[in-house]
Amino acid sequence: NAGVTQTPKFRVLKTGQSMTLLCAQDMNHEYMYWYRQDPGMGLRLIHYSVGEGTTAKGEVPDGYNVSRLKKQNFLLGLESAAPSQTSVYFCASSFGNQPQHFGDGTRLSIL
Amino acid sequence: AQSVTQLGSHVSVSEGALVLLRCNYSSSVPPYLFWYVQYPNQGLQLLLKYTTGATLVKGINGFEAEFKKSETSFHLTKPSAHMSDAAEYFCAVFDQTGANNLFFGTGTRLTVIP
């Protein structure tokens with residue numbers, strides 16, 4: 001029972017580098033989400049997808065891009081990493097208004 | 001617009017004591033409310049949810065929450081704290097306006113003192 005799997009679990013980048021975070025879910029969920037978690041701020045929505053081939057901006061989308069080429073995968077890209085993007089990133093998935101299932105997170109540090 | 005406020009970023013209780021974590025919400029529509037728990041270095045796990053119906057909701061690990069519309073509250077309680085309850089707890093309201101995402105509170109870290 002994998003649920004939601006995030007890859008990688010940890011990463012350190014230098015300012016200006018690019019990278020892609022991968023989220024995979026095996027529950028056939030339509031909806032997928034990317035959040036970032038920062039101390040004292042809870043989780044904030046970056047981008048989300050309501051189905052294969054669709055994406056939309058959330059609360060804090062600047063500096064990130066996403067793609068949902070396959071229903072089970074949701075990729076989060078940083079084209080030019082900045083120190084302000086140091087955070088813990090969580091992917092989640094759900095059926096519509098049902099509770100979201102979360103991955104274990106990716107800890108990203110930008111130096 | 002929907003939002004959530006959690007009062008108290010840190011709460012400490014003695015083992016065996018009552019746990020009370022406060023959550024107030026703002027919503028222009030009847031809310032769907034959730035409590036999630038996050039253990040260190042892990043993702044969020046659903047504790048309980050309120051959508052419609054009974055206002056007292058029971059969740060996992062002995063937690064429960066009561067939806068009070070008149071107070072716009074959804075406080076989380078547990079009669080007797082256990083050491084294993086030490087974690088961070090997040091209250092969230094479901095966005096029913098189209099995005100179907102969750103608006104989270106800033107979290108409350110629960111410490112249980114032996």
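Naming convention: chains lettered A, B, ... in sequence-line order (proteins, then strands); numbering from 1 in each chain.
Residue contact with chain B, scored on non-hydrogen atoms closer than 4.5 Å, involves the side chain of A/Arg107 exclusively. Looking at A/Gln6, neither its backbone nor its side chain comes within 4.5 Å of chain B, counting heavy atoms on both sides.
Taking 4.5 Å as the limit, every side-chain heavy atom of B/Leu44 sits out of range of all side-chain heavy atoms of A/His101. Looking only at side-chain heavy atoms (C-beta outward), A/Gln98 and B/Phe94 stay at 4.5 Å or farther from each other. Between B/Phe34 and A/Gln100, the closest side-chain pair of non-hydrogen atoms is not below 4.5 Å.
Cluster membership check: B/Tyr39 shares its hydrophobic cluster with B/Val19, using side-chain heavy-atom separations under 4.5 Å among Ile, Leu, Val, Met, Phe, Trp and Tyr. Hydrophobic clustering of Ile, Leu, Val, Met, Phe, Trp and Tyr side chains at less than 4.5 Å, counting indirect connections, keeps A/Ile46 apart from A/Leu69. One hydrophobic cluster holds both B/Val37 and B/Leu76 under the rule that ILVMFWY side chains link at heavy-atom gaps under 4.5 Å. By the criterion of side-chain heavy atoms lying less than 4.5 angstrom apart, applied directly or through intervening Ile, Leu, Val, Met, Phe, Trp or Tyr residues, A/Leu75 is not grouped with A/Trp34; the two fall into different hydrophobic clusters. Under the 4.5 Å side-chain heavy-atom criterion for Ile, Leu, Val, Met, Phe, Trp and Tyr, A/Ile110 and A/Leu21 are members of the same hydrophobic cluster.
Here A/Met41 contributes atom CE and B/Phe104 contributes atom CZ; the two are 14.5 Å apart, rounded to the nearest 0.5 Å. To the nearest 0.5 angstrom, A/Arg44 atom CZ is 11.5 Å from B/Thr106 atom OG1.
Side-chain atoms of B/Tyr32 never come within 3.5 Å of backbone atoms of A/Pro99 as a donor-acceptor pair (strictly under, hydrogens ignored). No side-chain donor-acceptor contact under 3.5 Å links A/Tyr33 to the backbone of B/Leu102.
For the residue pair A/Phe90 and B/Gln38, the shortest heavy atom distance occurs at CZ-NE2, 3.2 Å.
In B/Glu15, the CD atom is crowded: over 12 heavy atoms of neighbouring residues, nucleotides or ligands sit closer than 6.0 Å.
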